[in-house]
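Have a look at the structure below before the remarks.
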2 protein chains.
Amino acid sequence: MRFTHEQFRELAAKHGLAVTHQRQVVYEAVIASHGHHSPENIYAAVRRRIPSISLATVYNNLRLFIACGLLREVTPHASTLRVEGNLKPHHHLVCSRCKSVQDIEGDFIDFNRLSRQLPGGFDLAQPLIEVFGLCRRCRAKN
Amino acid sequence: MRFTHEQFRELAAKHGLAVTHQRQVVYEAVIASHGHHSPENIYAAVRRRIPSISLATVYNNLRLFIACGLLREVTPHASTLRVEGNLKPHHHLVCSRCKSVQDIEGDFIDFNRLSRQLPGGFDLAQPLIEVFGLCRRCRAKN
DNA sequence: GGTCGTTTTATACTGATTCTCATTCGATAA
DNA sequence: TTATCGAATGAGAATCAGTATAAAACGACC
């Protein structure tokens with residue numbers, strides 16, 4: 001799904017963001033490349049369309065998009081920020097060793113039980129679950 | 001529970017680690033202070049007993065303890081490493097905003113369903129689950 | 001006491017991210 | 001259109017966590 005300028009304009013308006021060329025290209029770069037991406041990755045992709053863009057601009061806009069919910073921050077177990085554009089409910093499978101992240105779907109959480117265990121005031125409005133284990137590759141390495 | 005030299009000696013022997021004074025003090029500092037700690041925190045605590053200790057030594061030993069399972073690495077959503085000494089099965093509640101981590105107990109995961117969803121080869125031997133949401137404080141800030 | 005492998009220390013270095021500030025852009029009013 | 005003003009951008013310096021390196025200290029063993 002290719003984003004038209006119109007679609008981005010609408011999204012931006014909904015979240016009170018000014019529309020700039022850089023902003024749009026950064027956003028499209030994340031959406032176009034499915035998966036979990038580092039700011040550097042996105043910077044590289046965006047530079048193909050705007051060679052003069054600054055890394056700081058990419059960071060600024062990623063933070064902005066995360067803050068207003070246009071993008072999700074993925075666990076930076078890799079010690080560097082990762083973002084994803086997939087806002088549909090899903091969970092993450094994270095390798096404790098190599099820190100790789102895979103999406104996982106499915107209904108394996110008992111939210112009733114979970115909410116009974118929650119400390120007062122904790123808000124699970126958009127729950128994101130991360131399950132840690134060893135990915136196939138790291139397991140093979142023993 | 002205060003760790004005696006004897007207890008640490010046994011643990012170290014079990015994991016094939018040499019016993020050094022620094023190593024013992026680092027380990028005790030983590031165990032003594034329950035919760036989730038950054039290397040800097042631990043460094044500060046250890047320096048009260050060994051003023052000349054180097055930060056690198058703290059890092060070295062924390063990595064070592066994590067590698068042999070004496071400590072657990074906590075999600076560095078805070079973008080900096082955290083460790084905990086609590087090895088009993090439990091899960092984490094992480095605030096997406098301020099990155100604080102609380103422990104949570106309870107049996108809200110359906111591991112049968114989960115393992116049906118797992119991609120081949122993913123090893124869930126010591127599953128750790130992290131549930132993201134908004135803590136009371138951040139929620140109050142709206 | 002001498003030797004060897006391990007650990008510690010001090011410090012330099014790297015890489016990710018943020019900060020600063022001058023410049024440019026974009027929306028709006030004239 | 002043109003002028004204006006606040007917001008966004010670009011360039012590069014600064015910061016900060018963590019790692020690498022190399023020399024010194026330690027400790028077990030002969």
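Keep in mind that what you see is a predicted model, and the values were worked out from it rather than measured. Each chain gets a letter, A, B and so on, in the order the sequences are listed, and its residues count up from 1.
Rounded to an integer number of Å, the gap from His21(A) NE2 to dG26(C) P is 10 Å. Straight-line distance from the CD atom of Gln22(B) to the C1' atom of dA24(D): 13 Å, rounded to whole Å. The distance from atom OH of Tyr43(A) to atom P of dG10(D) is 9 Å, rounded to the nearest whole Å. Atom CG of Asn41(B) and atom P of dA17(D) are 11 Å apart (whole Å). Here the P atom of nucleotide dG15(C) and the CD atom of Glu40(A) are 11 Å apart, to the nearest Å. Nucleotide dG27(D) holds its C1' atom 13 Å from the CZ atom of Arg23(B), rounded to whole Å. Straight-line distance from the CD1 atom of Ile42(A) to the C1' atom of dT17(C): 14 Å, rounded to whole Å. Between Arg82(A) atom CZ and dT17(C) atom C1' there is a gap of 14 Å when expressed in whole angstrom units.
Within residues 51-66 of chain A, the residues approached by DNA chain D to less than 4.0 Å at the level of any non-hydrogen atom are Ser52(A), Ile53(A), Ser54(A), Ala56(A), Thr57(A), Asn61(A), in residue-number order.
Here the CG atom belonging to Leu71(A) is positioned 10.5 Å from the NE2 atom belonging to His37(A), to the nearest 0.5 angstrom. Separation of atoms CD (Glu73(A)) and CZ (Phe132(B)) is listed at 9.0 Å; rounding is to 0.5 Å.
Exactly one of Asn41(B), Asp103(B), Asn86(B) qualifies for a side chain to side chain donor-acceptor pair (under 3.5 Å) with His36(B). That residue is Asp103(B).
Salt bridge annotation for Arg49(A)-Glu28(A): present, with a cationic side-chain nitrogen under 4.0 angstrom from a carboxylate oxygen.
OP1 and OP2 of dT6(C) both lie 4.0 Å or more from every side-chain N or O belonging to Thr20(B).
Ring centroids of Phe65(B) and His15(B) are separated by 6.0 Å or more, keeping the two rings apart.
Side chains of Glu84(A) and His92(A): a donor on one and an acceptor on the other come within 3.5 Å.
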